[in-house]
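Worksheet: one structure, shown below.
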Amino acid sequence: MDVKGGNVSQRRTLVHWFRKGLRVHDNPALLQVFEVARAAPQNYSVRAIFLLDPGILDWLQVGANRWRFLQQSLCDLDKQLRELNSRLYVVRGKPVELFPQLFERWHVELLTYESDIEPYAVQRDAAVQKLAAAHQVKVDTYCSHTIYNPEVVMARNLGKAPITYQKFLGIVEKLKLPKVRGRPEKLPEEVQPSEDSLESTDPHVYDCPTLAQLIKRPEELGVNKFPGGETEALRRLEASLRDEQWVASFEKPKTAPNSLEPSTTVLSPYLKFGCLSARLLYQRLQEILARHTKHSKPPVSLVGQLLWREFYYTAAAAEPNFDRMLGNAYCMQIAWQEQPDHLAAWTHGRTGYPFIDAIMRQLRLEGWIHHLARHAVACFLTRGDLWISWEEGQRVFEQLLLDQDWALNAGNWLWLSASAFFHQYFRVYSPVAFGKKTDPTGAYIRKYVPELAKYPANCIFEPWKATLSAQREYGCVLGVDYPQRIVNHDVVHKENIKRMSAAYKVNREVRTGKQEDEEEDDKTSPELTGKRKAKSIKSGVAAKRRR
DNA sequence: GGTTAGTTGATATG
DNA sequence: CATATCAACTAACC
């Protein structure tokens, strides 16, 4: 132990850094700090920190609802920690600038945190590790955001991420499950740090951010249907698991994307921020399935849903360009088109397709939409109707989805646009027929697109079928009160299947290095121009792959 | 090289 | 409600 200033012994500080993993249950990195402190309380102080970089408010794609979820999660975390004789210290600034100061100011001996595979986090964490080493600070990290460590899964697959779900399943079935940890025991009073130089000038310097500090445009705040935080996460967990018959027989494709209340658990936002441990959820599900001999299985079961998350995390961990088309080894190179008007219409629920618009408006308002609803709008934006890049849709989801998780968001967009993992591009969702199956009367559309509320069931999914006089009678004239459809699905989806076929052919040629058909040539044909563009884009990736 | 399976399509038909 | 057809993809496996 250090002795400074002659006779006063200086306590060393143990720091746990929260990033994702905003919980006290099943948090091995937090647990380590607590256990070290409890073993020698006379030597240590404990500080649990969250770093808030005011700069990221400008460049991060985070909408108001998502900021609110984070703010609520931090407040709840602070509350949980206070019950354990600790608290959350929210420190404002950039990690690489802050850590050297914190190491000095607090005499830090140990730093722990949960590992993360996102490229931004990987880079940041490497820099922090270097700084820690320079300051003689020990760093311990734990993989607890996912059930399985992506590195371990890859090691069991010749060092590569499995690219089919079944292959992935085969690998993880043979892996040991992590031990789920409980809530830490209360810290002894004496490890609470005494106030530092900053706190003595401003006692609120480390307080949780207020909503006003995080949200620039409060008018964008929607309904607070899914409040953030561990307390709410655990409440929702219990509520979701109460009906064991429902849990055991769950099949995702049989749940409705357009019910008025969610037909699934909506645990995803809590998993994303780590308010709920995926490992705990997995354990709880297994306990229930053990009591029900007949139960659904992956990929459609609830366990299957959790494993999809693991699947995408593993794939993403191996590809820093996972969220882009260019330079992404998984991704088909497709000459999507920029169409700002159509993109804006899709983004704001003004495509003229009520089912699509209802989904996009629910997303903006509530921050969550059903997985199959995501399929419908993602297919519509990309290969189905608008032929706009999945990266554009990814950006909109990133802003609006409470559960936005880098690996999952990109992975699902790759899937839906048939750019990777899924290849049956001829299966196209109908923006009219798909929603009718589970909501034949259109109640969901009436809720989220209220201007159409008076339309009868027989044309609420396709209002252009109503005559002008009928539209007047229903109080909503197309082109005036609600947009005309921006494309004709019946026509464009067939054209787009042909475009996908052509794009796949080019990608195949690049992959195999072979030309499949005799040289065509009409240099002015727009379709060929598109092909050449895709080909030249792809050659860069092929070169990268070959090395 | 040939066959089969792949989280969740739409439509027509019985 | 089940099945065939549409047109035909890739990855995995034999």
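All heavy atoms count here, side chains included; hydrogens, waters and symmetry mates do not. Letters A, B, ... are given to chains in the order of the sequence lines, protein chains preceding strands, and every chain is numbered from 1. What you see is a predicted model; the values in this text were computed from it and never measured.
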Side-chain heavy-atom pair A/Arg395, A/Gln399 within 4.5 angstrom cut-off:
no
Are A/Leu381 and A/Leu416 side-chain neighbours, meaning at least one heavy-atom pair lies under 4.5 Å?
no
Of the listed B/dG6, B/dG9, B/dT7, the closest approach to the A/Gln424 side chain comes from B/dG6
Closest listed nucleotide, where the reference is the side chain of A/Lys167 and the choices are B/dT7, B/dT8, C/dC13
C/dC13
Are A/Tyr270 and A/Phe69 an aromatic pair, judged by ring center distance below 6.0 Å?
yes
Heavy atoms under 4.0 Å, any strand shown: does A/Phe421 hit a base, just sugar-phosphate, or nothing?
nothing
Within this structure, what is the NE2-to-P distance between A/His370 and B/dT7, rounded to whole angstrom?
17 Å
Separation of C/dA12 atom C1' from A/Tyr165 atom OH, nearest Å, is 17 Å
Rounded P spacing from B/dT7 to C/dA7 in Å:
25 Å
What integer distance in Å separates A/Ile163:CD1 from B/dG6:C1'?
12 Å
Reckon A/Lys437 has a side-chain N or O less than 4.0 Å from the OP1 or OP2 of B/dG9?
no
A/Trp336 and A/Ser419: which non-hydrogen atoms are nearest, and at how many Å?
CZ2-OG, 4.1 Å
Given atom NZ of A/Lys436 and atom C1' of B/dA10, what is their separation to the nearest angstrom?
12 Å
Could you state the atom-to-atom distance from CG of A/Leu169 to C1' of B/dG6 in whole Å?
12 Å
Consider ring pair (Phe, Tyr, Trp, His ring centres under 6.0 Å). Of A/Phe168, A/Trp308, A/Trp413, A/Phe311, which one does A/Phe421 pass it with?
A/Phe311
Rounded to the Å, how far apart are A/Phe422 CZ and C/dA8 P?
15 Å
Can you check whether A/Gln166 has a side-chain N or O nearer than 4.0 Å to OP1 or OP2 of B/dT7?
yes
Now, which nucleotide makes the Watson-Crick or G-U wobble pair with B/dG14, with each of the two distances under 3.5 Å?
C/dC1
A/Tyr425 has an atom OH; how far is it from atom P of B/dT8, in whole Å?
17 Å
Hey, does A/Phe426 reach any base, or is it just sugar-phosphate, or nothing, if we go heavy atoms under 4.0 Å?
base
Whole angstrom is fine here: how far is it from NZ in A/Lys297 over to P in B/dT8?
18 Å
For C/dA7, give the paired nucleotide (Watson-Crick: N1-N3 plus N6-O4 or O6-N4; G-U: N1-O2 and O6-N3; both under 3.5 Å), or none.
none
Quote, to the nearest angstrom, the P distance that separates C/dA4 from B/dA5.
15 Å
Side chain of A/Tyr504 (C-beta onward), nearest among C/dT10, B/dG9, C/dA11:
C/dT10
Does A/Arg427 have a side-chain nitrogen or oxygen under 4.0 Å from the phosphate oxygens OP1 or OP2 of B/dG6?
no
